Amino acid sequence: MGAVFTGGPDGAGLRIAIAVARYNDLVTNALLAGARAGLLRHGVAEEDIDVAWVPGSFELPLVADRLARTERYDAIICLGTVIRGETAHFEYVAGGAASGIGRVALESGRPVVFGVLTVDSLEQALARAGGHVGNKGAEAATTAIEMVNLLRAIESSS
Ligand code: INI
């Protein structure tokens, strides 16, 4: 059997940037708190977590790209909330954020995590930002750490 690669949950020594949208900040502040707590819980040092606030989710890809280009970060977490019921251009904002964030990950070769809620209502958003469905920011934190460690495991095998 060939190799099986996995990324462990140890975040010690990792440097992480979080880009977070101010739009719907009642929700995104809770996502940010969840992401921070998740990173700290897995051993990332407080001083190794930088945060960049952007106006809305549509701006996340550009700022993630700038953060990646500094080469200071092992991973970048993007946090935002797009609520379908409150925007006629939901597809443009959510789709632009998703495709842009994916492109930055591929172009930079670093994990750039999609922690953007795309939901129908504020209630659904709050449920996923520390409510009964959990906290998508905390999930994004563990995804970032796992992906850094997975890419390292693949690289160190060659
Ligand atoms: N930005 C969001 O992050 N969430 C939204 O729900 C939203 N709505 O409803 O429009 C939103 N719009 C702003 C957008 O992200 C940009 O900041 C704006 O279009 C300027 O480029």
Side-chain angles (χ1 to χ4, degrees), residues 7 9 11 14-42 44-151:
L14 301 190
R15 294 151 308 161
I16 308 288
I18 303 174
V20 54
R22 220 167 33 240
Y23 207 101
N24 292 316
D25 67 348
L26 176 66
V27 182
T28 60
N29 265 305
L31 294 174
L32 177 59
R36 262 190 200 287
L39 292 171
L40 296 173
R41 195 165 51 246
H42 288 97
V44 179
E46 178 98 59
E47 63 270 22
D48 289 335
I49 305 169
D50 290 346
V51 176
W53 283 94
V54 305
S57 296
F58 194 78
E59 282 70 43
L60 287 168
L62 176 59
V63 171
D65 178 72
R66 286 303 153 91
L67 291 164
R69 282 173 198 268
T70 66
E71 303 206 336
R72 286 201 296 264
Y73 304 105
D74 297 298
I76 293 150
I77 295 170
C78 296
L79 300 175
T81 301
V82 193
I83 301 178
R84 187 189 296 271
E86 291 173 21
T87 173
H89 53 301
F90 175 91
E91 272 77 20
Y92 297 108
V93 174
S99 62
I101 288 167
R103 201 166 66 234
V104 177
L106 292 176
E107 285 173 0
S108 69
R110 280 162 214 259
V112 184
V113 179
F114 183 73
V116 179
L117 297 177
T118 55
V119 290
D120 288 325
S121 65
L122 180 61
E123 289 68 33
Q124 286 183 357
L126 290 170
R128 290 159 179 75
H132 68 278
V133 188
N135 190 311
K136 180 91 176 172
E139 265 178 46
T142 53
T143 297
I145 293 168
E146 179 180 341
M147 284 298 295
V148 173
N149 291 333
L150 174 59
L151 296 185

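This chain uses plain numbering: 1 for the first residue, then up along the sequence. Numbering of ligands and ligand atoms starts at 1, following listing order. The structure displayed is predicted, hence computed values, not measured ones.
Close approach of ligand 1 to N24 (heavy-atom distance below 4.0 Å) involves ligand atoms 4 (N), 5 (C), 6 (O). Every atom of ligand 1 with a heavy atom of H89 under 4.0 Å away is listed here by number and element: 10 (O). In the vicinity of I83, heavy-atom distances shorter than 4.0 Å reach the ligand 1 atoms 6 (O). Taking every heavy atom of T81 and a limit of under 4.0 angstrom, the matching atoms of ligand 1 come to 2 (C), 3 (O), 4 (N), 5 (C), 6 (O).
Counting only distance, with no hydrogens or angles, the side chain of D74 and the backbone of V148 share no donor-acceptor pair below 3.5 Å. Side-chain atoms of T28 come within 3.5 Å of backbone N or O of A21 as a donor-acceptor pair. E59 places a side-chain N or O within donor-acceptor distance of the main-chain N or O of G56, the cut-off being under 3.5 Å. Proximity of a side-chain donor or acceptor of N135 to a complementary backbone N or O of A30 within less than 3.5 Å is detected.
Using a cutoff of 4.0 Å between basic side-chain nitrogens and carboxylate oxygens, R15 and D48 are not scored as salt-bridged.
The shortest N/O to N/O separation between F58 and ligand 1 falls below 3.5 Å.
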